[in-house]
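The block underneath contains the structure these notes are about, expressed in structure tokens.
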Amino acid sequence: MSAALETRGLTRRFGAFVAVDAVSLRVEPGARHALIGPNGAGKTTFVNLLSGALAASAGQVSLLGRDVSAAPQHLRVRLGLARTFQVNQLFAELTPMQATTMALAERAGLGAIWWRPLFGMAGLRAEAQQLLDTVRLPDAARHQRTASLPYGRQRLLEIALALAMRPRVLLLDEPAAGVPPADSREVLAAVAALPRDVAVLLIEHDMDLVFRFAERITVLAFGAVLADGAPSEIARSPAVREAYLGSTEVAHG
Ligand SMILES: Nc1ncnc2c1ncn2[C@@H]1O[C@H](COP(=O)(O)OP(=O)(O)O)[C@@H](O)[C@H]1O
Ligand SMILES: [Mg+2]
């Protein structure tokens, strides 16, 4: 079976500096895969190469068996690769229900939803409710102005908006960054509970959350893959401990 997402020799240089160094990585369909590594290891750059936000210096990216190395971002999204974006100014003034309904209308190519007959709108609204159920956004939060919601709830909405694109692979770069610890569990629990038709590649620095979530872990250091395997193997790896030298972060298993 094709990987959901696969890279071969993916590389990105900034001048003479190699931020991502010949990374070959395979994300299986439905995977719960974590990408970890010290600050500056190249994780965010790697995700930007996957989404097409940054051009690769060398190497390939394939999505569901199809080479998308040369495809622009919007085409990668169309083909099933989604990432989250911070809710922008426009969405911040809408309620989560309105924002999600708009995203679904956009995906369906309906354009401005204000022109839709009531019947079509009802279908989109039901779908929006389902997506907000999927990310476990509490009912009470769905009809409030998004900007007034706690950050954890805004993150849940961002994931719902990414899911509105009907992705097969979801890239999450520290989805709980800036969220108070009590709420970050809620965000990660929602991510872990996403339907299995979506493979998730998660970057997260909190090792408790990583080991709770991941079925496979890839460790990047200095832009290159240092280790790749089951969480128990990663926890035992001397090379990984070395990369986190001076910290007790990888202290599981
Ligand atoms: N646009 C850029 N220009 C120059 N260097 C960059 C750029 N983006 C990232 N880097 C460098 O690449 C390295 C990896 O950064 P990043 O991918 O953000 O790491 P991580 O997400 O793992 O913390 C860092 O040393 C960073 O300074
Ligand atoms: Mg980063």
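Counting starts at 1 for both ligands and their atoms, in listed order.
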Do any nitrogen or oxygen atoms of F46 come within less than 3.5 Å of a nitrogen or oxygen of ligand 1?
-> no
Give a yes or no on whether a salt bridge exists between E204 and R212, defined as a side-chain N under 4.0 angstrom from a carboxylate O.
-> no
When rounded to the nearest 0.5 angstrom, what distance separates CD1 in I36 from CG in L220?
-> 9.5 Å
Give, for atom CD of Q129 and atom OG1 of T100, the distance between the pair rounded to the nearest 0.5 Å.
-> 9.0 Å
Any protein heavy atom sitting closer than 4.0 Å to atom 7 (C) of ligand 1?
-> yes
Ligand-side contact atoms (ligand 1) for residue partner N39, heavy atom cut-off under 4.0 Å = 23 (O)
Nearest-neighbour protein heavy atom for atom 9 (C) of ligand 1, which is reported as residue plus atom name and distance = F14 CE1, 3.6 Å
Do any non-hydrogen protein atoms sit less than 4.0 Å from atom 23 (O) of ligand 1?
-> yes
Of all protein heavy atoms, the one nearest atom 18 (O) of ligand 1 is T44 CB, 3.8 Å
What atoms in ligand 1 come closer than 4.0 Å to a heavy atom of A19?
-> 12 (O)
State plainly whether the residues R8 and E6 are in salt-bridge range, i.e. N to O under 4.0 Å.
-> yes
Do NZ/NE/NH1/NH2 and the carboxylate oxygens of R196 and E215 come within less than 4.0 Å?
-> yes
Which protein non-hydrogen atom lies closest to atom 15 (O) of ligand 1, naming both residue and atom, and how far is it?
-> T45 OG1, 3.8 Å
Heavy atom under 4.0 Å from ligand 1: found in F17's side chain, backbone, both, or neither?
-> side chain
Any N/O/S of N39 under 2.8 Å from the Mg ion (ligand 2)?
-> no
Measure the distance from atom 14 (C) of ligand 1 to every protein heavy atom, then report the residue, atom name and distance (to 0.1 Å) of the closest one.
-> G40 O, 3.3 Å
Give a yes/no verdict on whether any heavy atom in G42 is under 4.0 Å from an atom of ligand 1.
-> yes
Kindly compute the distance separating CE (M207) from CD1 (I234), expressed to the nearest 0.5 Å.
-> 10.5 Å
Going by atom types only, do R153 and Q144 share a side-chain donor-acceptor pair under 3.5 Å?
-> no
For the atom pair CG (L156) and OG1 (T84), what is the distance rounded to the nearest 0.5 Å?
-> 11.5 Å
